[in-house]
Amino acid sequence: MRLVERDLNVIWHPYTQMQTALPPIPIVSGEGACLFDENGKKYIDAVSSWWVNIHGHAHPYIAKKVAEQLNKLEHVIFAGFTHEGAVELAERLLKLLPINQKKAFYSDNGSTAIEVAIKMCLQYWHNKGEARTKILAFKNAYHGDTFGAMAVSGRSAFTAAFDSLLFEVEFIDLPTAENIESLKSQISDLKSDLACFIFEPLVQGAGGMIMYEAAHLNELMAHCRKEAVLMIDDEVFTGFGRTGKPFACNYVTEQPDIMCFSKGLTGGTMALGITTCSQQIYDAFLSDDRLKTLFHGHSFTANPIACAAALASMDLFVEPSTQENISRIEASHRQFFQKIKHHPKIKTVRQTGTIIAMEWETGNNTSYFSSLRDTLYQYFLDAGIILRPLGNIIYILPPYCITDTELNYIYSKIAQALEEI
Ligand SMILES: *Cc1c(COP(=O)(O)O)cnc(C)c1O
């Protein structure tokens, strides 16, 4: 039996309406920015396989480091025990972050990194005996698919079946020059209830690659600091170079209390999540009273193979050539931006670092379920490019090793689609 038929017999795919979706494409290998299917057809992975891959597929250096680790230690319980990889990764990551970040808590994906962050904030106030239980978040936010992460995400078609069970969250608009003062007074009005403010810095990814100004975020952060509202900086998507700088928080001067990482953390090789926090957060859990413990953990917390992949990815990330690649993609996107911004079929184009997003004119309002989405998706697949539009929004966020030839091919196919669709 062909792999696709075997798949359809036993697999339920994520974010997929199994009744109407086209059969999945069997991928057998990857190299650089490309993936190859069972017929040898090449696809340029323009979305870094759901935004995780930063150094290219099957990277030999990461593969070597993972293989070495596999032969030494595959896993060990992380309560009562530790291992070199977890310690070294925490040491090296913390050094790259704002100086107030002092401790790393491991989990195994982005959503769990968020769950941990939310629990840290809620229990921080609980341990201090203060009744601050409300969470502040942005409209259209996306922080993951587990219940806590879903609750702090915008309500949408994705959450509709669960809305009545999600805890209540205060949602505010993204900051602009016009509304910033009103947002600040909203925060001040709520402050005695607010446990924390959670945000995707600079770019709301799954919400549609919606971008906002660092200066406005900085002002909101400063205000939260003033009102003693804890801040969770969700860098699950923006971390590790996506926005042009190592972390999106490098664009602001204020420091978050907690930061969340996953996606690019292992270069897209292994599932791993990290939540880092300040000394102040950590200290609120220190006590002779056992009930002040952070009672959270996952079976695969700080898995040594995943830590080895993350360390290898970090070796590559800090190489000057990686920063050069990031700048090259940024400049290249900027040129393409200028070229297509006035096209009548383009409603808006926006760019932050290695991320460029184009909103296709549909005559209607933007929607994830726009029928244009399927047309565009298939059009690019046929052309050997993986672009996964969010409704009528197409975005490119490639592995940093993508070549100029590959990038230009993607741009030219988008230009062609603008003429043909
Ligand atoms: C993808 C994402 C998450 C969730 O990560 P998963 O590993 O998919 O659970 C959380 N926050 C942001 C900003 C994301 O883009």
Side-chain angles (χ1 to χ4, degrees), residues 13-16 47-54 105-121 135-156 158-159 162 166 169 171 174 196-212 214 217 231-243 246-249 251 256 258-276 296 298-303 306 309-310 313 352-355 357 368 388-390 393 395-398:
H13 287 271
Y15 278 98
T16 303
V47 296
S48 296
S49 279
W50 253 346
W51 322 348
V52 300
N53 190 297
I54 57 176
F105 191 101
Y106 282 96
S107 64
D108 43 32
N109 61 69
S111 300
T112 54
I114 297 294
E115 297 290 337
V116 169
I118 295 171
K119 281 190 174 181
M120 280 179 178
C121 288
I135 297 176
L136 185 72
F138 283 132
K139 288 175 188 165
N140 293 313
Y142 178 79
H143 296 290
D145 284 350
T146 52
F147 262 80
M150 216 176 8
V152 295
S153 299
R155 302 293 177 266
S156 69
F158 301 163
T159 64
F162 319 105
L166 300 177
V169 167
F171 290 104
L174 286 180
C196 64
F197 169 42
I198 183 167
F199 56 88
E200 293 161 273
L202 309 193
V203 188
Q204 292 187 303
M209 301 295 157
I210 304 166
M211 299 175 186
Y212 65 103
L217 175 61
M231 288 171 267
I232 302 173
D233 174 15
D234 176 357
E235 298 250 7
V236 169
F237 167 47
T238 50
F240 302 97
R242 265 301 155 215
T243 64
F247 300 95
C249 70
Y251 287 91
I258 294 178
M259 299 179 73
C260 301
F261 308 93
S262 185
K263 295 206 165 103
L265 174 59
T266 65
T269 304
M270 299 284 299
L272 186 67
I274 297 184
T275 308
T276 63
H296 190 102
H298 299 276
S299 316
F300 283 99
T301 288
N303 174 258
S313 177
T352 302
T354 69
I355 311 162
Y368 182 83
R388 218 187 126 81
L390 294 157
I393 298 162
Y395 60 89
I396 313 172
L397 50 101

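Any value given below was found using the heavy atoms of this structure, including those in side chains, with hydrogens, waters and symmetry copies removed. Counting starts at 1 for both ligands and their atoms, following the listed order. This is a predicted model, so every value here is computed, not measured.
When the side-chain hydrogen bond (donor to acceptor under 3.5 Å, both in side chains) test is applied to Ser48, the partners found at least two apart in sequence or on another chain are Arg242.
A donor atom on one side chain and an acceptor atom on the other are found under 3.5 Å apart for Glu235 and Thr238. A donor atom on one side chain and an acceptor atom on the other are found under 3.5 Å apart for His143 and Asp234.
Atom CG of residue Asp145 and atom OG1 of residue Thr159 lie 10.0 Å apart, to the nearest 0.5 angstrom. Interatomic distance, Ile210 CD1 to Leu174 CG, rounded to the nearest 0.5 Å: 6.5 Å.
A heavy-atom distance below 4.5 Å is not found between the side chains of Arg388 and Trp51.
The protein residues lying under 4.0 angstrom from ligand 1, judged by non-hydrogen atoms, are Trp51, Asn109, Gly110, Ser111, Tyr142, His143, Gly144, Glu200, Asp234, Val236, Phe237, Lys263.
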